Number of protein chains: 2
Amino acid sequence: MAGKAGTILVTGAGIDPSLLEPLLDLGFDLRRPRQPLSENRLVHELKGAVAYLHGGEERATARALESAAHTLKVVAFLGVGYENFIDVARADELGIVVTNTPGAATDSVAEFTVGQIFLANRRIFEHLGNRLPDWTSPEELPHNLRRRKIGIVGMGSIGTRIAEMLTMAFGAEVAYYSRTPKKDVEERLGITFLPLHELAENSDILVVMVPLTEKTNPMIDAGVLARLRPGTILVNTARPAVVDPGALHLCMAEGRVSLAVFDGFYGPDCASANRLLADFGHRLLVTGHIASHTREAMDRMVCQAVASIENVLEHGADKHAVGNRAGRVPGVPRNNS
Amino acid sequence: MAGKAGTILVTGAGIDPSLLEPLLDLGFDLRRPRQPLSENRLVHELKGAVAYLHGGEERATARALESAAHTLKVVAFLGVGYENFIDVARADELGIVVTNTPGAATDSVAEFTVGQIFLANRRIFEHLGNRLPDWTSPEELPHNLRRRKIGIVGMGSIGTRIAEMLTMAFGAEVAYYSRTPKKDVEERLGITFLPLHELAENSDILVVMVPLTEKTNPMIDAGVLARLRPGTILVNTARPAVVDPGALHLCMAEGRVSLAVFDGFYGPDCASANRLLADFGHRLLVTGHIASHTREAMDRMVCQAVASIENVLEHGADKHAVGNRAGRVPGVPRNNS
């Protein structure tokens, strides 16, 4: 039975229930189905919901959003990169506000990325479970991180945090590409701006940390990948589609990319991604989109999402709205924001 | 056929041959057998050798050293923790100088340790190969490193480097125990000294980085382990015997230790270590003594070991001698050093 104020669908397994209590106090009913949700199941669970806290791996497709359009006012996405998970264009048309949780997971994602850089650089995964070292020649030995040239594509808050960790902790040589050069970061950390193709050509490890947009889908394309030197490690802890899977397959076949790290992988219907797994699975380090999944990040994200749901239901707007509602703050007309 | 100057046995797969050229130039013959070496095989390979560069995982036992005592003048160990690999007491009695390579692998071991801390803290190894996150409850989520209390046992050069990385890059809260408190490191990094048992009781992650000596075999014993709180991660990138395997088994059974990291494991004849593997293998992250194995560290170690061999063969002493030759520098009587 629906609460007086309406029903809110909450998905995802990592959410601390106590952080949802403000919504219960406001008279909302919470619906927390089992994961994962197919599109049909999502349509079913969205029935009658006024809000939807998206913390799972399901896709809020146009069809799912349309099915709930007469009640649904807001989809609050847990995380930053909502593009793969929510059809925001359709939500905009339907008048459903979509929000995300920028900033909450910066440390969590940066730590995860640096950890994966380490894992890939020292090839730890190949050594786990061995009682003895199994090098057969000196060429197999990895290099210290402080002797690696690391290129970072994207110098937003997470990219900057990654650069801080790599320079301050490991003394690595870091260069970066970003749409807008960041002079302050360059000076503070002693890192260098390079055009994207030059960055690719000068990196032992290329780290990708850009949002998925029309312009970045894919950003790391055949042209960029062709500039990599043999043996480069590619670390993509952004959304997978930022890297062209077909071009990556070619590069891995050529040995230009020795190892590729992904957090979250292309959909199971992506043929070239499946070829990647089949042919080079042993050279892929894939995790399931968990970079932002720490207790601290999750709690901050949930608090922000709960506040966004409250704002939209009460005021019709929120400062973390994305899509064509971006920039509209409760009580402030858009042109003043 | 032996070179004019004599034969040098060189073991280990990671050695760049070009770094051994100074020895060839001096007229030495190099003998580089296949790895690994049994005791019988080592006895065979040591026959007639004047020096022995120990870069493998074999044990230079009393018997092996005795068999070569009439020719062998020096065993140069690649690395710091020679105690498990060379019977130094017997070498001393036989007048064979043993040297090691302090300092060469500080960065390499510290980077490796910090990387393993990440890997264990975020439980990456459980997620590799998953396309989707597989949390089933919020309690399973890991914490950001900067919210972890990390205790470091041993504040020598490697321990200090680990503390630098953890505090400067990740903002983790670090405390430490060391025989001699290090006021300068405390002030510089903002870390706190604690007695060993208190450190154990106050750490989410306990990192062990002490040499293996009579006093530290084992240092992390039942008394220390009993003070750990449930769920502690134990990271031992020092020699395995620094941790009591039987007491660790009990702690893992109780859940006091959730995960234990080792680089190099107890010998295959250690019954309680085998019980550890059998019962808690899925909660052990074991690698084969590779923390110091990077190209840069290995090259520095080989250069230092080659210099030590030259010094001992020419002057009968070297500044990196250990055992009862420690402190004797070429040309300087011991009581002045």
Side-chain angles (χ1 to χ4, degrees), chain A residues 12-17 35-36 57 107-108 111-112 114-119 121-122 124-125 127-147 164-171 264-265 268 281 284-290 293-299, chain B residues 12-17 35-36 57 107-108 111-112 114-119 121-122 124-125 127-147 164-166 168-171 264-266 268 281 284-290 293-299:
Chain A
I15 296 171
D16 177 351
Q35 308 295 316
E57 293 292 311
D107 268 334
S108 178
E111 271 186 12
F112 183 90
V114 172
Q116 293 295 73
I117 289 171
F118 164 81
L119 187 68
N121 182 53
R122 295 290 282 263
I124 302 298
F125 58 97
H127 293 278
L128 286 175
N130 291 346
R131 280 199 188 197
L132 294 175
D134 56 358
W135 316 109
T136 56
S137 82
E139 288 73 33
E140 291 174 35
L141 288 186
H143 289 270
N144 280 4
L145 263 192
R146 73 154 59 198
R147 296 295 183 88
E164 277 174 15
M165 291 175 176
L166 291 173
T167 53
M168 293 165 70
F170 301 109
F265 204 59
L284 293 174
L285 286 177
V286 175
T287 49
H289 196 202
I290 57 171
H293 289 192
T294 60
R295 188 71 272 138
E296 292 77 16
M298 189 65 86
D299 288 355
Chain B
I15 297 172
D16 177 349
Q35 309 294 318
E57 292 292 313
D107 268 334
S108 178
E111 270 186 13
F112 184 90
V114 171
Q116 294 296 72
I117 290 172
F118 265 124
L119 188 68
N121 182 54
R122 295 290 283 265
I124 304 294
F125 58 99
H127 293 278
L128 286 176
N130 291 347
R131 280 200 188 196
L132 294 175
D134 55 358
W135 317 109
T136 56
S137 83
E139 289 72 33
E140 292 174 34
L141 288 187
H143 289 270
N144 280 3
L145 262 193
R146 72 153 62 199
R147 296 295 183 88
E164 278 174 14
M165 289 176 176
L166 292 174
M168 293 165 71
F170 306 111
F265 204 60
Y266 308 90
L284 293 174
L285 285 177
V286 175
T287 48
H289 196 203
I290 57 171
H293 289 192
T294 59
R295 187 71 273 139
E296 292 78 15
M298 189 64 86
D299 288 355

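Chain identifiers are assigned alphabetically (A, B, ...) following the order of the sequence lines, protein sequences preceding nucleic acid strands; residue numbering begins at 1 within each chain. Here the structure is a predicted model, which is why all the values come from computation and not from measurement. Side chains included, hydrogens not; waters and symmetry mates left out as well; all remaining heavy atoms used.
Atom CD1 of Ile124(B) is separated from atom CD1 of Ile124(A) by 12.5 Å, given to the nearest 0.5 angstrom. Note that the CG atom of Leu141(A) and the CE atom of Met298(B) stand 5.0 Å from one another [nearest 0.5 Å].
Interface check for chain A: of the options Leu119(B), Leu166(B), Asp16(B), Asp107(B), the most heavy-atom pairs under 4.5 Å are formed by Asp107(B). Of the listed residues (Leu284(B), Asp299(B), Ile117(B), Thr287(B)), the greatest number of heavy-atom pairs within a distance under 4.5 Å of chain A belongs to Thr287(B). When each of His289(B), Arg147(B), Gln35(B) is checked for heavy-atom pairs under 4.5 Å with chain A, Arg147(B) comes out on top. Here Asn144(B) is the residue among Asn144(B), Asn130(B), Val286(B) with the most heavy-atom pairs under 4.5 Å with chain A. The residue among Gly129(A), Ala297(A), Gly288(A) with the most heavy atom pairs within less than 4.5 Å of chain B is Gly288(A). Of the listed residues (Gly12(B), Ala13(B), Pro17(B)), the one with the most heavy-atom contacts under 4.5 Å to chain A is Ala13(B). Your options are Arg146(B), Met168(B), Gln116(B), and the one with the most heavy-atom pairs under 4.5 Å with chain A is Arg146(B). Contacts with chain B were tallied for Gly171(A), Gly264(A), Pro268(A); Pro268(A) has the most, counting heavy-atom pairs under 4.5 Å.
Taking the side chain as every heavy atom from C-beta outward, Phe118(B) and Phe112(A) never approach each other to under 4.5 Å.
Contacts between Met165(A) and chain B at a heavy-atom distance below 4.5 Å involve backbone atoms as well as side-chain atoms. Only the side chain of Phe125(B) comes within less than 4.5 Å of a heavy atom in chain A; its backbone stays farther off. Ile15(B) touches chain A through its backbone: at least one of N, CA, C or O sits under 4.5 Å from a heavy atom, while the side chain does not.
Remark: of the listed residues His143(A), Glu140(A), Glu139(A), His143(A) is the sole one forming a side-chain contact (heavy atoms from CB on, under 4.5 Å) with Arg295(B).
Closest approach of His293(B) to Pro142(A), counting heavy atoms only: O-CD, 3.4 Å.
The main-chain N or O of Leu145(A) is found under 3.5 Å from a side-chain atom of Glu111(B) such that the two form a donor-acceptor pair. At least one donor-acceptor pair closer than 3.5 Å links the side chain of Arg122(B) to the backbone N or O of Ser108(A).
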